[in-house]
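Structure, as C-alpha coordinates:
In listed order, ligands and their atoms are each counted from 1.
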Amino acid sequence: MNNFHYNVPTEIFFGKGAIENLNQIAHYGKRVLLVCGKDSIKKMGLYDEVVRILEQLDMDFFELSGVDPNPRIESVRQGSVLCKKHGVDVVLAVGGGSVIDCAKVVAAAALYEGDAWELVLDPKMIVDALPVVSVLTLAATGSEMNGSAVITNFETREKIGAYSTLLKPKFSIMDPVYTFTVSRAMTAAGVADIMSHTLENYFTPVKGAYVQARFCESLLKTCIHYGPIVIEDLSNYEARANLMWAGTLAINGICSLGQQTGWSVHPLQHQLGAYYDITHGVGLAILTPPWMRYVLSDETVGKFVEFGVNVWGLNPDGDPYDIANRAIDKTEAFFMSLDLPMTLSEVGIDDQYLEEMAKNCEFRTLKGYVPLTYRDSMAIYEAVL
Ligand code: NZQ
Ligand code: ZN
(Lines give C-alpha, C1' and ligand atoms only; values in the text may rest on other atoms or scores of the structure.)
(Ligands and ions follow the chains in the order given, each with its own letter.)
Protein backbone atom coordinates (compact mmCIF):
# COMPACT_ATOMS: atom_id res chain seq x y z
CA MET A 1 0.00 0.00 0.00
CA ASN A 2 1.30 3.47 -0.88
CA ASN A 3 1.41 6.46 1.47
CA PHE A 4 -1.54 8.84 1.33
CA HIS A 5 -3.19 11.86 2.87
CA TYR A 6 -6.95 11.62 3.38
CA ASN A 7 -9.02 14.67 4.09
CA VAL A 8 -12.63 14.95 2.97
CA PRO A 9 -14.15 17.80 4.90
CA THR A 10 -17.58 17.33 3.30
CA GLU A 11 -20.35 16.78 5.83
CA ILE A 12 -23.08 14.39 4.66
CA PHE A 13 -26.72 14.61 5.69
CA PHE A 14 -28.24 11.36 4.46
CA GLY A 15 -31.80 10.09 4.44
CA LYS A 16 -35.46 11.02 4.30
CA GLY A 17 -36.05 14.65 5.23
CA ALA A 18 -32.33 15.49 5.19
CA ILE A 19 -33.18 18.67 3.27
CA GLU A 20 -34.02 20.39 6.55
CA ASN A 21 -30.25 20.56 7.15
CA LEU A 22 -29.94 22.92 4.23
CA ASN A 23 -30.37 25.69 6.77
CA GLN A 24 -26.65 25.14 7.58
CA ILE A 25 -25.95 27.08 4.41
CA ALA A 26 -26.48 30.27 6.38
CA HIS A 27 -23.03 29.73 7.96
CA TYR A 28 -21.46 30.57 4.60
CA GLY A 29 -23.09 33.93 3.94
CA LYS A 30 -26.32 35.55 2.80
CA ARG A 31 -26.05 35.61 -0.98
CA VAL A 32 -26.50 32.33 -2.82
CA LEU A 33 -26.11 31.24 -6.42
CA LEU A 34 -28.56 28.38 -6.98
CA VAL A 35 -27.31 26.12 -9.77
CA CYS A 36 -29.71 23.58 -11.31
CA GLY A 37 -30.42 21.59 -14.45
CA LYS A 38 -33.48 21.66 -16.71
CA ASP A 39 -36.74 20.84 -14.94
CA SER A 40 -36.42 17.63 -12.92
CA ILE A 41 -36.14 19.39 -9.56
CA LYS A 42 -39.16 21.56 -10.33
CA LYS A 43 -41.26 18.54 -11.33
CA MET A 44 -40.50 16.71 -8.10
CA GLY A 45 -41.11 19.75 -5.88
CA LEU A 46 -37.51 20.00 -4.68
CA TYR A 47 -37.01 23.45 -6.18
CA ASP A 48 -39.92 24.83 -4.12
CA GLU A 49 -38.56 23.16 -1.02
CA VAL A 50 -35.11 24.73 -1.51
CA VAL A 51 -36.61 28.16 -2.19
CA ARG A 52 -38.77 27.83 0.94
CA ILE A 53 -35.69 27.18 3.07
CA LEU A 54 -33.66 30.01 1.51
CA GLU A 55 -36.56 32.40 2.02
CA GLN A 56 -37.01 31.32 5.64
CA LEU A 57 -33.33 32.09 6.16
CA ASP A 58 -33.88 35.46 4.54
CA MET A 59 -31.15 34.78 1.98
CA ASP A 60 -30.79 36.54 -1.36
CA PHE A 61 -30.52 34.07 -4.18
CA PHE A 62 -29.71 34.24 -7.86
CA GLU A 63 -30.12 31.44 -10.35
CA LEU A 64 -28.07 29.60 -12.95
CA SER A 65 -30.54 27.10 -14.39
CA GLY A 66 -30.57 24.83 -17.44
CA VAL A 67 -27.13 23.30 -16.84
CA ASP A 68 -26.80 20.47 -19.39
CA PRO A 69 -25.65 16.91 -18.84
CA ASN A 70 -21.94 17.00 -19.79
CA PRO A 71 -21.91 20.57 -18.45
CA ARG A 72 -20.57 23.19 -20.79
CA ILE A 73 -17.87 25.72 -20.07
CA GLU A 74 -20.34 28.38 -21.27
CA SER A 75 -22.58 27.63 -18.24
CA VAL A 76 -19.58 27.96 -15.95
CA ARG A 77 -18.72 31.35 -17.45
CA GLN A 78 -22.32 32.47 -17.06
CA GLY A 79 -22.33 31.38 -13.42
CA SER A 80 -19.09 33.15 -12.58
CA VAL A 81 -20.42 36.37 -14.10
CA LEU A 82 -23.51 36.09 -11.87
CA CYS A 83 -21.35 35.52 -8.79
CA LYS A 84 -19.16 38.52 -9.53
CA LYS A 85 -22.09 40.77 -10.39
CA HIS A 86 -24.12 39.93 -7.28
CA GLY A 87 -21.32 39.41 -4.77
CA VAL A 88 -22.34 35.80 -4.16
CA ASP A 89 -21.07 34.16 -0.95
CA VAL A 90 -21.93 30.50 -1.53
CA VAL A 91 -22.82 28.28 -4.49
CA LEU A 92 -25.67 25.80 -4.03
CA ALA A 93 -25.92 22.95 -6.54
CA VAL A 94 -29.23 21.07 -6.69
CA GLY A 95 -29.14 18.19 -9.17
CA GLY A 96 -26.97 15.42 -10.56
CA GLY A 97 -23.23 15.30 -11.18
CA SER A 98 -23.37 17.76 -14.06
CA VAL A 99 -24.97 20.44 -11.92
CA ILE A 100 -22.57 19.87 -9.02
CA ASP A 101 -19.52 19.84 -11.31
CA CYS A 102 -20.63 23.05 -12.97
CA ALA A 103 -21.22 24.68 -9.57
CA LYS A 104 -17.74 23.71 -8.38
CA VAL A 105 -15.94 25.40 -11.26
CA VAL A 106 -18.27 28.39 -11.02
CA ALA A 107 -17.18 28.69 -7.37
CA ALA A 108 -13.52 28.79 -8.40
CA ALA A 109 -14.05 31.01 -11.45
CA ALA A 110 -15.96 33.51 -9.31
CA LEU A 111 -12.67 34.35 -7.58
CA TYR A 112 -10.50 34.20 -10.69
CA GLU A 113 -9.76 37.06 -13.05
CA GLY A 114 -9.06 35.04 -16.21
CA ASP A 115 -11.26 32.69 -18.24
CA ALA A 116 -12.80 29.72 -16.41
CA TRP A 117 -11.52 27.23 -19.00
CA GLU A 118 -7.96 28.01 -17.87
CA LEU A 119 -8.86 26.56 -14.45
CA VAL A 120 -10.17 23.35 -16.01
CA LEU A 121 -7.03 22.95 -18.10
CA ASP A 122 -4.76 23.66 -15.14
CA PRO A 123 -6.55 23.20 -11.80
CA LYS A 124 -3.36 24.11 -9.92
CA MET A 125 -4.40 27.66 -10.74
CA ILE A 126 -7.39 27.24 -8.42
CA VAL A 127 -6.08 28.98 -5.32
CA ASP A 128 -9.42 30.01 -3.87
CA ALA A 129 -13.07 29.15 -4.35
CA LEU A 130 -16.44 30.09 -2.91
CA PRO A 131 -17.92 27.43 -0.63
CA VAL A 132 -20.02 24.84 -2.48
CA VAL A 133 -23.04 23.04 -1.02
CA SER A 134 -24.91 20.29 -2.86
CA VAL A 135 -28.29 18.58 -2.84
CA LEU A 136 -27.84 15.37 -4.83
CA THR A 137 -30.64 14.00 -7.05
CA LEU A 138 -28.89 11.24 -9.00
CA ALA A 139 -26.65 8.44 -7.74
CA ALA A 140 -23.65 8.13 -10.03
CA THR A 141 -20.69 10.49 -10.04
CA GLY A 142 -19.78 10.93 -6.38
CA SER A 143 -19.27 14.62 -7.06
CA GLU A 144 -21.13 15.32 -3.80
CA MET A 145 -18.08 14.25 -1.77
CA ASN A 146 -15.04 14.81 -3.91
CA GLY A 147 -12.97 17.58 -5.42
CA SER A 148 -13.50 16.68 -9.08
CA ALA A 149 -15.45 18.50 -11.74
CA VAL A 150 -15.75 17.39 -15.35
CA ILE A 151 -16.46 20.17 -17.86
CA THR A 152 -16.94 19.98 -21.61
CA ASN A 153 -15.77 22.45 -24.21
CA PHE A 154 -17.54 21.50 -27.43
CA GLU A 155 -15.68 24.20 -29.36
CA THR A 156 -12.36 22.45 -28.77
CA ARG A 157 -13.92 18.98 -28.44
CA GLU A 158 -12.50 18.49 -24.97
CA LYS A 159 -14.08 16.98 -21.89
CA ILE A 160 -11.73 17.39 -18.97
CA GLY A 161 -11.80 16.50 -15.30
CA ALA A 162 -10.32 19.12 -13.00
CA TYR A 163 -9.44 18.32 -9.39
CA SER A 164 -8.81 20.58 -6.42
CA THR A 165 -9.39 20.00 -2.73
CA LEU A 166 -10.88 23.52 -2.73
CA LEU A 167 -13.80 22.20 -4.80
CA LYS A 168 -14.98 19.68 -2.19
CA PRO A 169 -18.49 20.61 -1.08
CA LYS A 170 -18.80 21.93 2.47
CA PHE A 171 -21.82 19.71 2.94
CA SER A 172 -24.12 17.58 0.82
CA ILE A 173 -27.73 16.60 1.33
CA MET A 174 -28.46 13.04 0.15
CA ASP A 175 -32.10 12.01 0.33
CA PRO A 176 -32.62 8.82 -1.73
CA VAL A 177 -36.28 9.81 -2.24
CA TYR A 178 -35.09 12.57 -4.61
CA THR A 179 -33.70 9.87 -6.89
CA PHE A 180 -37.05 8.04 -7.30
CA THR A 181 -37.83 10.13 -10.40
CA VAL A 182 -34.58 9.31 -12.22
CA SER A 183 -35.57 7.42 -15.38
CA ARG A 184 -34.85 3.74 -15.82
CA ALA A 185 -32.19 4.50 -18.44
CA MET A 186 -30.42 7.16 -16.36
CA THR A 187 -30.58 4.91 -13.30
CA ALA A 188 -28.88 2.12 -15.23
CA ALA A 189 -26.25 4.57 -16.50
CA GLY A 190 -25.67 5.66 -12.90
CA VAL A 191 -25.12 2.07 -11.78
CA ALA A 192 -22.61 1.60 -14.62
CA ASP A 193 -20.79 4.78 -13.57
CA ILE A 194 -20.55 3.69 -9.92
CA MET A 195 -19.24 0.29 -11.01
CA SER A 196 -16.75 1.90 -13.36
CA HIS A 197 -15.33 4.18 -10.64
CA THR A 198 -14.95 1.15 -8.43
CA LEU A 199 -13.33 -0.92 -11.17
CA GLU A 200 -10.90 1.88 -12.06
CA ASN A 201 -9.76 1.74 -8.43
CA TYR A 202 -9.87 -2.06 -8.16
CA PHE A 203 -7.67 -2.76 -11.18
CA THR A 204 -4.41 -1.32 -9.92
CA PRO A 205 -0.82 -2.53 -10.14
CA VAL A 206 -0.22 -1.41 -6.53
CA LYS A 207 0.10 -4.43 -4.24
CA GLY A 208 -0.93 -4.88 -0.64
CA ALA A 209 -3.93 -2.55 -0.41
CA TYR A 210 -6.13 -5.40 0.80
CA VAL A 211 -8.69 -3.30 2.62
CA GLN A 212 -9.30 -1.02 -0.38
CA ALA A 213 -9.79 -4.04 -2.64
CA ARG A 214 -12.38 -5.56 -0.28
CA PHE A 215 -14.18 -2.18 -0.12
CA CYS A 216 -14.30 -2.16 -3.92
CA GLU A 217 -15.72 -5.66 -4.02
CA SER A 218 -18.49 -4.79 -1.58
CA LEU A 219 -19.46 -1.74 -3.65
CA LEU A 220 -19.52 -3.81 -6.83
CA LYS A 221 -21.68 -6.44 -5.13
CA THR A 222 -24.01 -3.69 -3.92
CA CYS A 223 -24.50 -2.51 -7.52
CA ILE A 224 -24.98 -6.07 -8.77
CA HIS A 225 -27.52 -6.77 -6.04
CA TYR A 226 -29.52 -3.53 -6.12
CA GLY A 227 -29.16 -2.55 -9.79
CA PRO A 228 -31.77 -5.03 -11.08
CA ILE A 229 -34.04 -4.34 -8.09
CA VAL A 230 -34.15 -0.60 -8.70
CA ILE A 231 -34.63 -1.02 -12.45
CA GLU A 232 -37.80 -3.02 -11.72
CA ASP A 233 -38.97 -0.73 -8.93
CA LEU A 234 -37.73 2.84 -9.31
CA SER A 235 -39.17 3.90 -5.94
CA ASN A 236 -37.50 1.16 -3.91
CA TYR A 237 -36.00 3.14 -1.01
CA GLU A 238 -33.60 0.47 0.17
CA ALA A 239 -32.15 0.03 -3.31
CA ARG A 240 -31.96 3.76 -3.99
CA ALA A 241 -30.31 4.40 -0.60
CA ASN A 242 -27.67 1.71 -1.03
CA LEU A 243 -26.83 2.80 -4.56
CA MET A 244 -26.66 6.43 -3.51
CA TRP A 245 -24.16 5.73 -0.73
CA ALA A 246 -22.20 3.31 -2.92
CA GLY A 247 -21.89 6.09 -5.50
CA THR A 248 -20.35 8.38 -2.93
CA LEU A 249 -17.95 5.79 -1.48
CA ALA A 250 -16.73 4.64 -4.88
CA ILE A 251 -14.97 7.91 -5.57
CA ASN A 252 -14.36 9.77 -2.32
CA GLY A 253 -10.90 8.31 -1.78
CA ILE A 254 -11.80 5.31 0.41
CA CYS A 255 -11.29 2.92 -2.50
CA SER A 256 -8.43 4.63 -4.25
CA LEU A 257 -5.99 6.14 -1.77
CA GLY A 258 -2.99 3.96 -1.07
CA GLN A 259 -3.36 2.19 -4.39
CA GLN A 260 -3.97 5.04 -6.75
CA THR A 261 -3.29 4.63 -10.43
CA GLY A 262 -4.33 6.41 -13.61
CA TRP A 263 -7.79 5.53 -14.89
CA SER A 264 -8.32 3.77 -18.19
CA VAL A 265 -11.97 3.52 -19.22
CA HIS A 266 -12.91 7.05 -18.15
CA PRO A 267 -10.42 8.77 -20.48
CA LEU A 268 -11.70 6.60 -23.35
CA GLN A 269 -15.29 7.53 -22.45
CA HIS A 270 -14.57 11.24 -22.03
CA GLN A 271 -13.65 11.33 -25.72
CA LEU A 272 -17.10 9.97 -26.58
CA GLY A 273 -18.64 12.64 -24.37
CA ALA A 274 -16.63 15.44 -26.00
CA TYR A 275 -17.35 14.33 -29.56
CA TYR A 276 -20.87 12.94 -29.25
CA ASP A 277 -22.35 14.29 -26.00
CA ILE A 278 -23.45 10.80 -24.95
CA THR A 279 -24.54 9.84 -21.43
CA HIS A 280 -21.42 9.23 -19.35
CA GLY A 281 -22.49 5.91 -17.78
CA VAL A 282 -23.66 4.52 -21.11
CA GLY A 283 -20.24 5.07 -22.67
CA LEU A 284 -18.59 3.39 -19.68
CA ALA A 285 -20.87 0.35 -19.95
CA ILE A 286 -20.02 0.00 -23.64
CA LEU A 287 -16.25 0.35 -23.12
CA THR A 288 -15.70 -1.65 -19.93
CA PRO A 289 -16.01 -5.23 -21.27
CA PRO A 290 -13.78 -4.63 -24.35
CA TRP A 291 -11.23 -2.84 -22.15
CA MET A 292 -11.19 -5.84 -19.80
CA ARG A 293 -10.75 -8.30 -22.67
CA TYR A 294 -7.99 -6.15 -24.16
CA VAL A 295 -5.88 -5.88 -21.01
CA LEU A 296 -6.30 -9.52 -19.96
CA SER A 297 -2.82 -11.06 -20.06
CA ASP A 298 -0.46 -13.26 -18.03
CA GLU A 299 0.31 -10.17 -15.92
CA THR A 300 -3.30 -9.28 -15.19
CA VAL A 301 -5.11 -12.61 -15.18
CA GLY A 302 -4.63 -13.04 -11.42
CA LYS A 303 -6.53 -9.83 -10.71
CA PHE A 304 -9.35 -10.90 -13.02
CA VAL A 305 -9.56 -14.22 -11.18
CA GLU A 306 -9.83 -12.30 -7.89
CA PHE A 307 -12.61 -10.23 -9.48
CA GLY A 308 -14.42 -13.34 -10.77
CA VAL A 309 -14.21 -15.22 -7.51
CA ASN A 310 -14.84 -12.42 -5.01
CA VAL A 311 -17.35 -10.36 -6.98
CA TRP A 312 -19.11 -12.85 -9.25
CA GLY A 313 -18.83 -15.86 -6.97
CA LEU A 314 -17.03 -18.03 -9.53
CA ASN A 315 -15.35 -21.25 -8.48
CA PRO A 316 -11.63 -20.53 -7.88
CA ASP A 317 -10.61 -23.99 -9.13
CA GLY A 318 -9.91 -24.25 -12.80
CA ASP A 319 -8.09 -22.49 -15.58
CA PRO A 320 -7.36 -18.83 -14.62
CA TYR A 321 -8.15 -17.56 -18.14
CA ASP A 322 -11.45 -19.40 -18.11
CA ILE A 323 -12.40 -17.78 -14.78
CA ALA A 324 -11.23 -14.36 -16.00
CA ASN A 325 -13.21 -14.59 -19.24
CA ARG A 326 -16.32 -15.75 -17.43
CA ALA A 327 -16.02 -12.77 -15.06
CA ILE A 328 -15.82 -10.40 -18.03
CA ASP A 329 -18.78 -12.11 -19.73
CA LYS A 330 -20.79 -11.77 -16.53
CA THR A 331 -19.96 -8.07 -16.31
CA GLU A 332 -21.14 -7.57 -19.89
CA ALA A 333 -24.29 -9.63 -19.32
CA PHE A 334 -25.05 -7.60 -16.21
CA PHE A 335 -24.92 -4.31 -18.14
CA MET A 336 -27.10 -5.86 -20.85
CA SER A 337 -29.62 -6.97 -18.22
CA LEU A 338 -30.00 -3.28 -17.28
CA ASP A 339 -30.79 -2.56 -20.96
CA LEU A 340 -27.61 -0.56 -21.42
CA PRO A 341 -26.35 -0.32 -25.01
CA MET A 342 -23.32 -2.47 -25.71
CA THR A 343 -22.05 -1.01 -29.00
CA LEU A 344 -21.09 2.43 -30.24
CA SER A 345 -23.43 2.16 -33.22
CA GLU A 346 -26.39 1.81 -30.83
CA VAL A 347 -25.62 5.33 -29.59
CA GLY A 348 -25.03 6.74 -33.06
CA ILE A 349 -21.23 6.62 -33.14
CA ASP A 350 -19.42 5.47 -36.27
CA ASP A 351 -15.71 5.34 -37.10
CA GLN A 352 -15.44 8.95 -38.31
CA TYR A 353 -13.53 10.34 -35.31
CA LEU A 354 -12.12 7.15 -33.79
CA GLU A 355 -8.53 7.93 -34.74
CA GLU A 356 -8.76 11.46 -33.42
CA MET A 357 -10.32 10.27 -30.16
CA ALA A 358 -7.71 7.54 -29.72
CA LYS A 359 -4.92 10.06 -30.23
CA ASN A 360 -6.45 12.49 -27.75
CA CYS A 361 -6.77 9.97 -24.96
CA GLU A 362 -3.33 8.48 -25.42
CA PHE A 363 -1.68 11.02 -23.20
CA ARG A 364 -4.39 10.74 -20.53
CA THR A 365 -4.21 6.95 -20.20
CA LEU A 366 -0.45 6.51 -20.09
CA LYS A 367 -0.37 5.69 -16.40
CA GLY A 368 -3.43 3.41 -16.34
CA TYR A 369 -3.56 -0.12 -14.95
CA VAL A 370 -2.16 -1.27 -18.26
CA PRO A 371 -0.73 1.71 -20.17
CA LEU A 372 -2.69 2.26 -23.37
CA THR A 373 -1.16 3.61 -26.56
CA TYR A 374 -3.03 5.09 -29.50
CA ARG A 375 -3.17 1.64 -31.10
CA ASP A 376 -4.60 0.07 -27.95
CA SER A 377 -7.33 2.71 -27.65
CA MET A 378 -8.19 2.24 -31.33
CA ALA A 379 -8.47 -1.52 -30.84
CA ILE A 380 -10.81 -1.06 -27.87
CA TYR A 381 -13.04 1.40 -29.75
CA GLU A 382 -13.10 -0.82 -32.84
CA ALA A 383 -14.06 -3.86 -30.78
CA VAL A 384 -17.40 -2.22 -29.92
CA LEU A 385 -18.21 -0.31 -33.11
O1 NZQ B 1 -31.35 18.67 -16.14
P2 NZQ B 1 -32.22 17.95 -15.18
O3 NZQ B 1 -33.64 18.34 -15.31
O4 NZQ B 1 -31.72 18.05 -13.76
O5 NZQ B 1 -32.21 16.40 -15.59
C6 NZQ B 1 -31.09 15.54 -15.39
C7 NZQ B 1 -30.35 15.18 -16.66
O8 NZQ B 1 -31.20 15.23 -17.77
C9 NZQ B 1 -31.63 14.21 -14.97
N10 NZQ B 1 -31.88 14.10 -13.52
C11 NZQ B 1 -31.06 14.37 -12.49
N12 NZQ B 1 -31.66 14.09 -11.33
C13 NZQ B 1 -32.92 13.68 -11.64
C14 NZQ B 1 -33.05 13.69 -13.03
N15 NZQ B 1 -34.21 13.34 -13.65
C16 NZQ B 1 -35.24 12.96 -12.87
N17 NZQ B 1 -35.15 12.91 -11.53
C18 NZQ B 1 -34.03 13.25 -10.87
N19 NZQ B 1 -33.95 13.16 -9.54
O20 NZQ B 1 -30.65 13.27 -15.32
C21 NZQ B 1 -29.97 13.74 -16.47
C22 NZQ B 1 -28.49 13.53 -16.29
O23 NZQ B 1 -28.01 14.32 -15.22
P24 NZQ B 1 -26.44 14.46 -14.96
O25 NZQ B 1 -26.24 15.37 -13.83
O26 NZQ B 1 -25.75 14.78 -16.25
O27 NZQ B 1 -26.04 12.97 -14.59
P28 NZQ B 1 -24.83 12.42 -13.73
O29 NZQ B 1 -25.07 12.61 -12.29
O30 NZQ B 1 -24.59 11.06 -14.21
O31 NZQ B 1 -23.59 13.37 -14.12
C32 NZQ B 1 -22.83 13.12 -15.27
C33 NZQ B 1 -21.67 14.11 -15.38
O34 NZQ B 1 -20.75 13.97 -14.28
C35 NZQ B 1 -19.43 13.75 -14.80
C36 NZQ B 1 -19.71 13.08 -16.13
O37 NZQ B 1 -18.60 13.12 -16.98
C38 NZQ B 1 -20.89 13.87 -16.64
O39 NZQ B 1 -20.46 15.08 -17.21
N40 NZQ B 1 -18.60 13.00 -13.84
C41 NZQ B 1 -18.23 13.63 -12.71
C42 NZQ B 1 -17.38 13.04 -11.81
C43 NZQ B 1 -16.94 13.73 -10.58
N44 NZQ B 1 -17.31 14.98 -10.37
O45 NZQ B 1 -16.24 13.15 -9.76
C46 NZQ B 1 -16.81 11.71 -12.03
C47 NZQ B 1 -17.54 10.93 -13.06
O48 NZQ B 1 -16.69 9.94 -13.55
C49 NZQ B 1 -18.05 11.72 -14.20
O50 NZQ B 1 -17.06 11.92 -15.18
ZN1 ZN C 1 -17.64 8.28 -14.06
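Contact detail for Leu296 and Ala324: the closest heavy-atom pair is CD1-CB, 3.7 Å. Taking all atoms of both residues into account, the shortest heavy-atom contact from Pro341 to Ile286 is O-CG1, 3.2 Å. Listed here is the closest heavy atom pair of Tyr381 and Leu344: O-CD1, 3.8 Å.
When hydrogens are left out, the protein atom nearest atom 1 (O) of ligand 1 is Lys38 N, 2.7 Å; that is the closest non-hydrogen contact. Among protein heavy atoms, the minimum distance from atom 25 (O) of ligand 1 is reached at Ser98 N, 3.0 Å. What sits closest to atom 49 (C) of ligand 1 on the protein, heavy atoms only, is His280 NE2, 3.3 Å. With respect to atom 17 (N) of ligand 1, the closest heavy atom belonging to the protein is Thr181 OG1, 2.7 Å. Scanning the protein for heavy atoms near atom 29 (O) of ligand 1, the closest one is Gly97 N, 2.7 Å. The nearest protein atom to atom 45 (O) of ligand 1, hydrogens excluded, is given as Asn146 ND2, 3.0 Å; this is a heavy-atom distance. Scanning all protein heavy atoms for the shortest distance to atom 7 (C) of ligand 1 gives Pro69 CG, 3.9 Å. Atom 41 (C) of ligand 1 has as its closest protein heavy atom Asp101 OD2, 3.0 Å.
At a 4.0 Å heavy-atom cut-off, ligand 1 does not touch Ile41 at all. Only side-chain heavy atoms of Ala140 come within less than 4.0 Å of ligand 1; its backbone N, CA, C and O stay farther off. Only the backbone of Tyr178 comes within contact range of ligand 1, with a heavy atom under 4.0 Å; no side-chain atom does. Only side-chain heavy atoms of Met186 come within less than 4.0 Å of ligand 1; its backbone N, CA, C and O stay farther off.
At under 3.5 Å, not a single nitrogen or oxygen of Thr179, backbone or side chain, sits near a nitrogen or oxygen of ligand 1. Ligand 1 has a nitrogen or oxygen under 3.5 angstrom from a nitrogen or oxygen of Lys159. Any N or O atom pair closer than 3.5 Å counts here, and Ser183 shares no such pair with ligand 1. The shortest N or O to N or O distance between Met44 and ligand 1 is not below 3.5 Å. Residue contacts with ligand 1: His197 is placed with a nitrogen or oxygen under 3.5 Å of a nitrogen or oxygen of the ligand (distance criterion only).
Heavy-atom distances between His270 and ligand 1 reach below 4.0 Å in at least one pair.
Counting atoms of ligand 1 from 1 in the listed order, those under 4.0 Å from a heavy atom of Gly37 are 1 (O), 4 (O). Each of the atoms 48 (O) of ligand 1 lies under 4.0 Å from some heavy atom of His266. Residue contact check: Ser148 has heavy atoms under 4.0 Å from atoms 43 (C), 44 (N), 45 (O) of ligand 1. Close approach of ligand 1 to Thr137 (heavy-atom distance below 4.0 Å) involves ligand atoms 11 (C), 12 (N), 13 (C), 18 (C), 19 (N). Of all atoms in ligand 1, listed by their number and element, those nearer than 4.0 Å to a heavy atom of Ser143 are 44 (N). Which parts of ligand 1 touch Val182 is read off a 4.0 Å heavy-atom cut-off, strictly below it: atoms 13 (C), 16 (C), 17 (N), 18 (C), 19 (N). Counting atoms of ligand 1 from 1 in the listed order, those under 4.0 Å from a heavy atom of Pro71 are 39 (O).
In this structure the side chain of Phe62 never reaches within 4.5 angstrom of the side chain of Cys83, judged on heavy atoms. Side-chain contact between Gln269 and His280 is present, with at least one heavy-atom pair separated by less than 4.5 Å.
Side-chain N/O atoms of Ser75 and Gln78 include no donor and acceptor closer than 3.5 Å. Using modelled atom types and a 3.5 Å distance limit, the side chains of His197 and Asn201 yield no donor-acceptor pair. Checked by atom type, the side-chain pair Thr156/Trp117 shows no donor-acceptor distance below 3.5 Å. Side-chain atoms of Arg240 and Ser235 include no donor-acceptor pair closer than 3.5 Å. When only modelled atom types and interatomic distance are considered, Ser143 and Asp101 share a side-chain donor-acceptor pair under 3.5 Å. Checking Gln271 against Asn360 by side-chain atom types alone, a donor-acceptor pair falls below 3.5 Å. No hydrogens or angles considered: a donor-acceptor pair under 3.5 Å links the side chains of Glu63 and Tyr47. Checked by atom type, the side-chain pair Asn252/Asn146 shows no donor-acceptor distance below 3.5 Å. The closest side-chain donor-acceptor pair between Gln260 and Thr204, if any, does not fall under 3.5 angstrom.
Distances from atom 23 (O) of ligand 1 to the heavy atoms of Leu138, Asp39, Val99 put Leu138 nearest. Counting only non-hydrogen atoms, the option in Cys102, Ala192, Ser40 that gets closest to atom 5 (O) of ligand 1 is Ser40. Here the shortest heavy-atom distance to atom 34 (O) of ligand 1, taken over Thr141, Asn70, Ile100, belongs to Thr141.
Within Asp193, the N, O or S atom lying nearest to the Zn ion (ligand 2) carries the name OD1. For His197, the N/O/S atom at the shortest distance from the Zn ion (ligand 2) is named NE2.
Ring orientation note: the planes of Phe171 and Phe13 are nearly perpendicular, at an angle over 60° on the 30°/60° scale. Ring planes of Phe304 and Phe203: tilted class, angle from 30 to 60°.
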So Lys330 and Leu314, side-chain contact (heavy atoms from CB on, under 4.5 Å) or not? Walk me through it. CA-CA 10 Å; Lys330 276 186 165 289; Leu314 299 177; 3.7 Å; yes
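For atom 14 (C) of ligand 1, the protein comes within 4.0 Å by at least one heavy atom.
Computed with the Zn ion (ligand 2) at the centre, the His280 NE2 to His266 NE2 angle is 100°, stated to 10 degrees.
We find that Glu306 and Lys303 are joined by a salt bridge, their nearest charged nitrogen and carboxylate oxygen being less than 4.0 Å apart.
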